[in-house]
2 protein chains.
Amino acid sequence: MKVIVDCLGGDNSPAAEVEGALLALRENKELRVILVGDETGIRKILEKRKVKSRRIQVVHAPEVVTGNDKPTDAIRLKKDSSMIRAIRMLREDDSIDALVSNGATGVLVAAATLRIGRIEGVRRPVFCPIVPNMYGGVVGVCDSGANIEVTPEMLQQFAVMGSRYMEAFRGIREPRVGLLNVGVEEEKGDDLRREAYRLLEHTPGIRFVGNMEAREFLSGEYDLVVCDGFSGNVLCKCAEGTALEVLKRLKRDINSRKKYQLGGLLMKKMFAEEKEFMNYLNYGGCVLLGTEKVIVKGHGSSDRVATRVSISQACRMLRGGMNEKIRESLKEIS
Amino acid sequence: MKVIVDCLGGDNSPAAEVEGALLALRENKELRVILVGDETGIRKILEKRKVKSRRIQVVHAPEVVTGNDKPTDAIRLKKDSSMIRAIRMLREDDSIDALVSNGATGVLVAAATLRIGRIEGVRRPVFCPIVPNMYGGVVGVCDSGANIEVTPEMLQQFAVMGSRYMEAFRGIREPRVGLLNVGVEEEKGDDLRREAYRLLEHTPGIRFVGNMEAREFLSGEYDLVVCDGFSGNVLCKCAEGTALEVLKRLKRDINSRKKYQLGGLLMKKMFAEEKEFMNYLNYGGCVLLGTEKVIVKGHGSSDRVATRVSISQACRMLRGGMNEKIRESLKEIS
């Protein structure tokens, strides 16, 4: 199992990626990693940690892709960047199974979509983040931004790919799939949603439970939400932003009075645990589904623990044979 | 100032509407109301409250439109329902200025769009709810579900109509308008968003502050969000659902330990105030903008206070000459 790790472009690069890889190596005995980035910086961390391992390979590609780079320009002009180099190696070297990057999302999605082959039958790769619901579980969102315009057939494929992903990564049996819509009734929404509803109802290999209103996103009633990339992006960011704003507001409330401060003191541990619970970094990266190799996009602010989670996440998908299962499921519906 | 009130179809009809109207009459001295619904039920409440007023007229139309009715069927077949009757009176009687209903949203929007004339220049009426942000203010959302498919020109009109509304209803000077998008940079999103961005930048009479990510919805940095009806619906419902789920989760936390329960006791008033703060019923109904007459859709679960707010909201829009201002603003951009 060989994973290539992009060691530039994150807020805490390269320490987060190098140290995250070391943690992941300890966790996954069959794992080997290729660290791509500024070789001096990477080696310095390895030496500091006194690491010498045959399971680690370092590749020098010191240029950085940033969020300001236009995807097409970055692909064409930044060939020596860690990200574009990693994508090329992933494509050309059959022994490499997966890529983990904390770098610029837009460039990664574009480069992976253009350069890495798709699983047989896949119309478009899809971006699928995992969000904690409010009952200790999680919910996946397919798509969250890779495809702003979609067709009913694409939504059907998202449901299939997302289901295989939730099974492989989170061990959820028969994930409950909801179609994001403006109401729960079958005939709600536009032609796209109505047509997708009819397709999903008759799709083998998924457990379609009907339309889902955004109000129910974190209710624990759904394991996977299927939607176009625009509204999926709105859904994920709105939930994240609202949860954080509510907690911030309560904090201001608590600080406004002595009595509340005392109450807050008693609940200090509870609030700390809640903050940790809602910290998306604990839930792994955002996966690009549908490409022949596994691609995990960690959050830009990932630290070493978050990067460890992203790398182990890739291992779990590989171990579960996820892509092979996606291929089989797609054959069934084609 | 004459407002017609639909006294059927809400969860608390007709008490919520009749008693809400009585409260609104006290608050707005120039107001007269027409109560449409089951005459016996309405008169019973008026008698119980010992109300005899020339400012109140009662119209008998006992049939109820429900959420299960298809809009087209309801319009065609339920002519004696309070809602369809109210819409007809609003259209035919020039002395009636506005309609308030807690009934079925889909039918109301469809009937109003079909039967009530549009303000000169308006392409499509738009549904605009008001949501409390987390800093004591509010934010409007244009559109939240009336138009699932939109054009850049429609989004431009939404910005203009929504701005005049936030000024008239909430007294906000130069409301800050954000375009809902997947990122803040100018070139983000699909052609629709990019084209709308260019239009909004050069629209007189509005204060466009750029793209808004859903994460910032409740940050207090925006007074009005412009978007297609599908993603606007997702935005509003996701924010509402997430805020409620977070509070519910904290409640479960608090009940899980003696120590937290004690803390919760100290903060009882604070949590009660927060619950009230996040109660959308306190913020008035959802307005349909762009029709020649003012139309306010109260929440189905409205009580008499919420209905009073919705009726007074209509009065404020009438007093502010909102529709005349919308007409003038649209002329400027045509």
Side-chain angles (χ1 to χ4, degrees), chain A residues 67-68 70 106 133-135 145 148-149 180-183 185 187 189-190 193 213-219 227-250 253-254 256-257 259-260 262-271 273-274 277-278, chain B residues 67-68 70 106 133-135 145 148-149 180-183 185 187 189-190 193 213-219 227-250 253-254 256-257 259-260 262-271 273-274 277-278:
Chain A
N68 297 324
K70 272 201 173 173
N133 69 33
M134 291 293 150
Y135 298 85
I148 289 188
E149 279 159 80
L180 182 62
N181 207 335
V182 295
E185 298 85 357
E187 73 284 356
D190 50 4
R193 282 6 107 154
E213 286 193 276
R215 199 180 278 123
E216 303 298 318
F217 180 40
L218 305 180
S219 66
C227 50
D228 67 272
F230 194 91
S231 53
N233 194 279
V234 168
L235 186 72
C236 293
K237 287 179 178 166
C238 181
E240 183 194 333
T242 302
L244 290 177
E245 288 287 0
V246 170
L247 289 183
K248 264 162 74 178
R249 186 175 162 86
L250 292 178
D253 280 351
I254 289 173
S256 71
R257 283 201 193 184
K259 191 174 161 188
Y260 298 161
L262 189 62
L265 223 57
L266 289 165
M267 290 196 243
K268 202 171 175 177
K269 194 169 163 235
M270 184 192 104
F271 279 114
E273 281 169 359
E274 277 310 320
F277 169 79
M278 290 178 200
Chain B
N68 298 325
K70 273 201 173 174
N133 69 33
M134 291 292 150
Y135 298 85
I148 289 189
E149 278 159 79
L180 182 61
N181 207 335
V182 294
E185 300 84 357
E187 73 283 357
D190 50 4
R193 287 359 111 150
E213 286 192 274
R215 198 180 278 124
E216 303 298 319
F217 179 40
L218 304 180
S219 66
C227 49
D228 66 271
F230 193 90
S231 52
N233 194 279
V234 169
L235 187 72
C236 292
K237 286 178 179 166
C238 180
E240 184 194 331
T242 303
L244 291 177
E245 288 287 0
V246 170
L247 290 183
K248 263 162 74 181
R249 186 176 162 87
L250 292 177
D253 281 351
I254 289 173
S256 71
R257 284 201 191 185
K259 191 174 161 188
Y260 299 161
L262 188 62
L265 223 57
L266 289 165
M267 291 196 246
K268 202 171 173 177
K269 195 171 164 228
M270 183 191 104
F271 279 113
E273 282 169 0
E274 277 311 319
F277 169 78
M278 290 178 200

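A, B, ... follow the sequence lines: proteins, then strands. Residue 1 opens every chain. None of these values were measured; they are calculated from a predicted model.
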Student: Heavy-atom pairs under 4.5 Å with chain B are the metric here; pick the option from A:Lys70, A:Glu185, A:Arg193 that has the most.
Tutor: A:Arg193

Student: Specify which of B:Phe277, B:Tyr260, B:Phe217 makes the most heavy-atom pairs with chain A at under 4.5 Å.
Tutor: B:Tyr260

Student: Looking at B:Asp190, B:Val182, B:Asn68, which one has more heavy-atom pairs under 4.5 Å with chain A than the rest?
Tutor: B:Val182

Student: Side chain from CB out, backbone as N, CA, C, O: work out which of these in B:Ile148 comes under 4.5 Å of a heavy atom of chain A, or both, or neither.
Tutor: side chain

Student: Excluding sequence neighbours, so at least two apart, what forms salt bridge (charged side-chain N to carboxylate O under 4.0 Å, His left out) with B:Lys248?
Tutor: B:Glu245

Student: Under 4.5 Å between any side-chain heavy atoms of B:Asn181 and A:Phe230, yes or no?
Tutor: yes

Student: Which residue out of A:Gly263, A:Gly264, A:Gly241 racks up the most heavy-atom pairs below 4.5 Å with chain B?
Tutor: A:Gly263

Student: Atom CD in A:Glu240, atom SG in B:Cys238: separation rounded to 0.5 Å?
Tutor: 10.5 Å

Student: By salt bridge (charged side-chain N to carboxylate O under 4.0 Å, His left out), which residues pair with A:Glu273, not counting sequence neighbours?
Tutor: A:Lys269

Student: Looking at chain A, which one of B:Leu262, B:Leu218, B:Leu265 has the largest number of heavy-atom pairs inside 4.5 Å, strictly under?
Tutor: B:Leu218

Student: Nearest 0.5 Å, what's the CZ-CG distance between B:Phe271 and A:Leu250?
Tutor: 5.5 Å

Student: State the CE-CD1 distance between A:Met267 and B:Ile254, to the nearest 0.5 angstrom.
Tutor: 4.5 Å

Student: Heavy-atom pairs under 4.5 Å with chain A: which of B:Met270, B:Lys268, B:Glu187 has the most?
Tutor: B:Met270

Student: Once you round to the nearest 0.5 Å, how far does OG1 of A:Thr242 lie from CZ of A:Arg249?
Tutor: 13.0 Å

Student: Looking at B:Val246, B:Asn133, B:Asp228, B:Leu266, which makes the most heavy-atom pairs under 4.5 Å with chain A?
Tutor: B:Leu266

Student: Need one label for B:Ser219: side chain, backbone, both or neither, based on atoms under 4.5 Å from any heavy atom in chain A.
Tutor: both

Student: Heavy-atom distance under 4.5 Å to chain A: side chain of B:Glu216, backbone, both or neither?
Tutor: neither

Student: Counting only heavy atoms closer than 4.5 Å, note whether B:Leu180 contacts chain A via side chain, backbone, both or neither.
Tutor: both

Student: State the CG-CD distance between B:Leu247 and B:Glu274, to the nearest 0.5 angstrom.
Tutor: 7.0 Å

